[in-house]
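These numbers come from the heavy atoms of this one structure, side chains and all, not from hydrogens, waters or symmetry mates. Letters A, B, ... mirror the listed sequences (proteins, then strands); counts begin at 1.
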There are 2 protein chains.
Amino acid sequence: MVSAPLSAPEISKDGKERLRLWIRLLRASRTIEAELRERLKRDFDTTLPRFDVMAALYRAPEGMLMSDLSRFLLVSNGNITGIVDRLVSDGLVTRSRRNGDRRTSMVRLTEEGIALFRRMAAAHEAWIGELLGGVSEEETRRLANMLKSFRSNWEGKE
Amino acid sequence: MVSAPLSAPEISKDGKERLRLWIRLLRASRTIEAELRERLKRDFDTTLPRFDVMAALYRAPEGMLMSDLSRFLLVSNGNITGIVDRLVSDGLVTRSRRNGDRRTSMVRLTEEGIALFRRMAAAHEAWIGELLGGVSEEETRRLANMLKSFRSNWEGKE
DNA sequence: GATGATTATTTCAAGCTTGAAATTTCAGGA
DNA sequence: TCCTGAAATTTCAAGCTTGAAATAATCATC
């Protein structure tokens, strides 16, 4: 890690503080994500995006549309297509075209998908407990509350 | 019901709370990242990884090794190779092999790269100020401190 | 100086990601 | 019915990402 000379023009101290917050936020989530990715690969031979899709579907036993998935997971439509394709070809997920609207397809976990996800979710929760173990319960609640409010502050403004 | 299990439910509740924190952390950083990506593309026709590499190099006028870059940015070696390749072919960055150790190459911003980065950095800082605008200065400091400590708690333990 | 281990980097396949264009289907009006 | 526009999804090119294997150079030890 390199220390910064960077005698930049005097910008607001506020801005610098927010920048620092953003960088820490990003580094924290990247570090945790990397660790989760590695463990998912090691223990379940799968990826984080696949886990995310399965987690979303597990919460919706009645199924989700492709567009529901992409909105919920904050990724593009085309992205979801590829991930679901691979999950389908592994027998973990089904696409069923509906009679009502033939443009849409309902995506659901298969029995095998449900069983696998339950195992992964248990491991995942334990990992998070371990990785965030240094954060006290009190701090956890406070952090979670701050993050909740700060997201809603600007989202969807444009 | 004479003796209810005390520890198990408590641990599980803790875990749930940490899981919630992780999900919020992830959603916050993904949402901001998506917004930054879009604006970098729109205003500078570039990408977030390219911006990240240039930011790292800007802080190190003497240059950085490829391995320094990948360590600092928390990404793989092979990844950096591709991004630097494209920056070089755009004239924003140079690779110079050193006399001392011919395995390594020093990566530096060109004059053009420095000028471009300055413009991008100003816009970037303003964007962060806007996107995190809802967080008070007091909260910003507290959040940043929590994130700092929580990261160091488990990192590099294995 | 030869040899084997180590280090820095590149290459590669597979998968992820976006944004834009194309496709298919639906809905509403002339 | 036939249009036209909107909506859901897929396709595609370009770039990002990892992890593993390959290359090349250096280092340590004899």
[X] [atom1] to [N] [atom2], straight-line distance once rounded to whole Å:
X	N	atom1	atom2	answer
B:Leu48	D:dT17	CG	P	8 Å
B:Leu40	D:dC16	CG	C1'	15 Å
A:Arg102	C:dC26	CZ	C1'	10 Å
B:Arg37	C:dA20	CZ	P	13 Å
B:Leu36	C:dT17	CG	P	17 Å
B:Asp101	D:dA24	CG	C1'	10 Å
B:Glu38	C:dT17	CD	C1'	14 Å
B:Arg39	C:dT18	CZ	P	17 Å

Discussion item. For a quick test of reading the model: is some side-chain N or O of B:Arg97 closer than 4.0 Å to OP1 or OP2 of C:dA8?
Written reply: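 No, no such contact exists.
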Discussion item. For a quick test of reading the model: is some side-chain N or O of A:Arg86 closer than 4.0 Å to OP1 or OP2 of C:dG15?
Written reply: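 Checking C:dG15 against A:Arg86, no side-chain N or O comes under 4.0 Å of OP1 or OP2.
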Does some side-chain heavy atom of [Y] sit less than 4.5 Å from a side-chain heavy atom of [X]?
X	Y	answer
A:Val107	A:Leu65	no
B:Arg86	B:Arg50	yes
B:Ile128	B:Leu36	yes
A:Thr140	A:Leu132	no

Worksheet item: So, for A:Glu112 and A:Asp90, which heavy atoms are closest and what is the spacing to 0.1 Å?
Response: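 Scanning both residues, the minimum pair turns out to be OE2-O, 4.2 Å.
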Item to complete: List the atom of A:Asn77, the atom of A:Ser67, and the distance in Å for their closest heavy-atom pair.
Response: OD1-CA, 4.0 Å
Worksheet item: Does a salt bridge link B:Arg30 with A:Asp52, judged by any charged N lying under 4.0 Å from a carboxylate O?
Response: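 A salt bridge is present here (some side-chain N lies under 4.0 Å from a carboxylate O).
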Worksheet item: Does any residue of residues 75-85 of chain A have a heavy atom under 4.0 Å from DNA chain D, and if so, which ones, in number order?
Response: A:Asn77, A:Gly78, A:Thr81
Discussion item. Both conditions, 6.0 Å and 45 degrees, for the charged tip of A:Arg119 above the ring of A:Tyr58: are they met here?
Written reply: no
Discussion item. Evaluate B:Glu38 against B:Arg42 for salt bridge (Lys or Arg N to Asp or Glu O under 4.0 Å), listing each step before the verdict.
Written reply: CA-CA 6 Å; B:Glu38 195 179 322; B:Arg42 184 192 63 195; 5.8 Å; no
Practice prompt. Assign A:Arg95 to base, sugar-phosphate, or nothing according to its heavy-atom contacts below 4.0 angstrom with the strands shown.
Written response: sugar-phosphate
Worksheet item: Looking across every strand, which nucleic acid part, if any, lies under 4.0 Å from A:Arg50 by heavy atom: base, sugar-phosphate, or nothing?
Response: sugar-phosphate
Discussion item. Evaluate B:Val53 against B:Leu73 for side-chain contact (heavy atoms from CB on, under 4.5 Å), listing each step before the verdict.
Written reply: CA-CA 8 Å; B:Val53 167; B:Leu73 296 175; 3.7 Å; yes
Between the protein and nucleotides 2-6 of chain D, are there any N/O to N/O pairs under 3.5 Å, and if so, what are the atom names and distances?
none

Worksheet item: Does anything in residues 52-72 of chain A reach DNA chain C, meaning a heavy atom under 4.0 Å, and if so which residues?
Response: none
Item to complete: Taking the six-membered ring for Trp and the full ring for Phe, Tyr or His, determine whether the centres of A:Phe51 and A:Phe117 are under 6.0 Å apart.
Response: yes
Practice prompt. With the side chain of B:Pro49 defined as its heavy atoms from C-beta on, choose the nearest nucleotide among C:dT9, D:dT17, D:dT9.
Written response: D:dT17
Response to the item:
Residue pair A:Thr47/B:Lys41 against DNA chain C: nearer the 5' end by closest nucleotide is A:Thr47
Fill in: Qualifying residue, where the test is side-chain contact (heavy atoms from CB on, under 4.5 Å) with A:Met54 and the options are A:Leu92, A:Ile114, A:Thr46
A:Leu92
